[in-house]
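Quick notes on the structure that follows.
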2 protein chains.
Amino acid sequence: MAEATLQSQTRADEAFDCLQTAIVTGELGPGEKIGELELCSRFNLTRGPLREALGRLESRGLLVRRPHAGVKVVSVSASELLELYRIREVMEGLAARQAAERMTDEEIAELQATLDSHEAMIEQAQGQAYYQAEGDYDFHHRIATGSRNAKLAQMLLGDLYYMVRMYRYRLSTSAGRPHLALGEHRRIVEAIAHRDGELAEFLMKRHINAARQNIEKKIEEGVLTI
Amino acid sequence: MAEATLQSQTRADEAFDCLQTAIVTGELGPGEKIGELELCSRFNLTRGPLREALGRLESRGLLVRRPHAGVKVVSVSASELLELYRIREVMEGLAARQAAERMTDEEIAELQATLDSHEAMIEQAQGQAYYQAEGDYDFHHRIATGSRNAKLAQMLLGDLYYMVRMYRYRLSTSAGRPHLALGEHRRIVEAIAHRDGELAEFLMKRHINAARQNIEKKIEEGVLTI
DNA sequence: ACGCTCGGTATTGTTGACAATATTAAGGTC
DNA sequence: GACCTTAATATTGTCAACAATACCGAGCGT
């Protein structure tokens, strides 16, 4: 069961975290119509905070709510995941460009260190798939915050990444190309270290584009259904 | 006073609409620390739906909420508005490209008709500034929905445009170049009509870039303060 | 036998009261 | 006189009961 993030500020935040992780991890299935009282008993909440959390989830597009008809988790399709990658391509391209212009030298050093640890983890091949995904999120997370563009970071970290994670869990879609991705990450960081925003943007767009094409290939192979 | 949208489905939706318009139009000033009970009496609501609406507004970044410390409308700066335009540039560029690939011929015809009416309005110069802004939103709105990218449209229509409108009201920043903008709009629609996605994206990016530079110029002239 | 209408039931939406916490001001001490 | 401590207050967070609405099944009509 998805537990609350340690010491959530308020009950509503707790409910929000619980539900978000439950939806993202697929604990709440797609299209699942679920009652409020059931959610309350399941997560030890009362309806007040729960409803507040439901509203936030709804406005983020993770679930849909018809008046007096209950809430149901949003249904997903592979084609929608591809659309998400189109958005990531342009937004993270911008993030990389601005990160190249604005990240501090220290942040860039940390970013490189992050990649080093990713490389070590991949070569040890321990907990591969899981860590690969987490490392990927870590990398993109740092670039988003490094852009110093508050709204951009908010949209990426608060909306898109959760969406992508949800789709990946639902469709059991892991990137599945760790070494390639790591090399692409390295080149992006190089461009950032050289303060070459244009190049960083280009490389990031190509990186995400490659990931999208990888998913498209799986669809063609019938591994994923549209 | 900002009234509820006619026949909101639920009290919480009503509260959300009221507050959103109140914030966007500047009826609730920036940094204004305002109590829940005051909001209730002001908009004829009770605290339950209000709190639900506050949560939605918070997750959209229109106001900030510290536990037990109340809510305050987000403070804005001109530099943040510029960052918003950077995001718009890449996202609406994508929207234009996808719209060129996916809009129906009928939608394109409607889009052109929309521009015709804008032109007529501008030449009559009646209610210029207001209509200019509304027409601009109408244009960008149609392209966002025409992209057939649900999440992209949601982010543009549900988040970014409200943000931009808020900043514009707060900073009294109207675009102030109606004829230029109309010409740029026409070229974008031409590209879409020719199903030239690449060109549509390029033109849209340049269009928004020009609007951003216009704001930057105002900042340099001291009209806007950072 | 099938479809439609109508009422019961369960769920959601809303309300008001209760409890917990941050802010504010006053008082005391250094 | 300035700073810290402490208590009163007002505001927020939470909870449980009430009202409104949609869903579901039974009864009736065709």
Side-chain angles (χ1 to χ4, degrees), chain A residues 2-20 22-23 27-75, chain B residues 2-20 22-23 27-75:
Chain A
E3 271 308 323
T5 309
L6 301 87
Q7 282 312 80
S8 291
Q9 297 264 340
T10 177
R11 289 294 245 198
D13 294 335
E14 185 181 337
F16 181 77
D17 291 339
C18 279
L19 287 176
Q20 177 156 263
I23 292 174
E27 189 179 326
L28 266 51
E32 189 169 343
K33 203 178 298 176
I34 198 160
E36 293 186 359
L37 55 90
E38 171 153 357
L39 288 175
C40 289
S41 63
R42 200 157 157 182
F43 297 104
N44 285 0
L45 297 164
T46 57
R47 288 187 55 215
L50 179 83
R51 284 183 60 81
E52 199 175 321
L54 288 179
R56 304 207 326 229
L57 269 314
E58 185 196 18
S59 89
R60 291 204 182 177
L62 266 65
L63 50 83
V64 292
R65 195 145 70 130
R66 273 202 343 233
H68 295 95
V71 303
K72 78 170 200 275
V73 180
V74 70
S75 303
Chain B
E3 270 309 322
T5 311
L6 300 87
Q7 281 312 80
S8 292
Q9 296 268 342
T10 178
R11 289 297 242 196
D13 294 335
E14 185 181 337
F16 180 77
D17 291 340
C18 278
L19 287 176
Q20 177 157 263
I23 292 174
E27 187 179 328
L28 264 50
E32 189 169 343
K33 202 179 300 177
I34 197 159
E36 293 185 359
L37 55 89
E38 171 151 358
L39 289 175
C40 289
S41 63
R42 199 157 158 182
F43 297 103
N44 284 1
L45 297 164
T46 56
R47 287 187 57 216
L50 180 84
R51 285 182 60 81
E52 199 174 320
L54 289 179
R56 296 190 358 209
L57 270 312
E58 185 196 17
S59 87
R60 291 203 181 177
L62 267 64
L63 50 83
V64 291
R65 192 144 74 129
R66 274 202 341 232
H68 295 95
V71 303
K72 78 170 201 275
V73 180
V74 70
S75 304

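Protein atom CG of A:Asn44 is 11 Å distant from nucleotide atom P of D:dC15, rounded to whole Å.
At its two ends the helix from C:dA1-D:dT30 to C:dC30-D:dG1 runs along axes set 20° apart, each axis drawn from five pairs and the angle rounded to 10°.
Here the side chains of B:Glu52 and B:Arg11 are not in contact, with every heavy-atom distance at 4.5 Å or above. Side-chain atoms of A:Val74 and A:Ile23, non-hydrogen and from C-beta on, never get closer than 4.5 Å to each other.
Residue A:Val73 comes nearest to A:Gly29 through the heavy atom pair CB-O, 3.3 Å, listed as atom of the first residue, atom of the second, then distance. Closest approach of A:Ala12 to A:Ala53, counting heavy atoms only: O-CB, 3.9 Å. Closest approach of A:Pro30 to A:Ser75, counting heavy atoms only: CB-CA, 4.4 Å. Residues B:Gln9 and A:Pro67 share a closest heavy-atom pair of OE1-CG, 3.4 Å. Here the closest heavy-atom approach between residue A:Ser41 and residue A:Asn44 is recorded as O-OD1, 3.5 Å.
A:Arg47 meets the side-chain contact (heavy atoms from CB on, under 4.5 Å) test with A:Glu36, A:Cys40, A:Arg51; sequence neighbours excluded. A:Arg60 meets the side-chain contact (heavy atoms from CB on, under 4.5 Å) test with A:Phe16, A:Gln20, A:Leu62, A:Asp159, B:Ser59; sequence neighbours excluded.
In this model, the phosphate group of D:dT14 is approached by a side-chain N or O of A:Thr10 to a distance below 4.0 Å at OP1 or OP2.
The side-chain contact (heavy atoms from CB on, under 4.5 Å) with B:Lys72 is formed by just one residue from the set B:Val64, B:Leu28, B:Ile34; it is B:Val64.
Protein chain B touches strand DNA chain C; the 5'-most and 3'-most nucleotides with an atom under 4.0 angstrom of its non-hydrogen atoms are C:dG13 to C:dT23.
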**Request:** Let me have a per-nucleotide readout for nucleotides 5-12 of chain D, 5' to 3', with B, S or -, counting only protein heavy atoms under 4.0 Å.
**Result:** ------SB
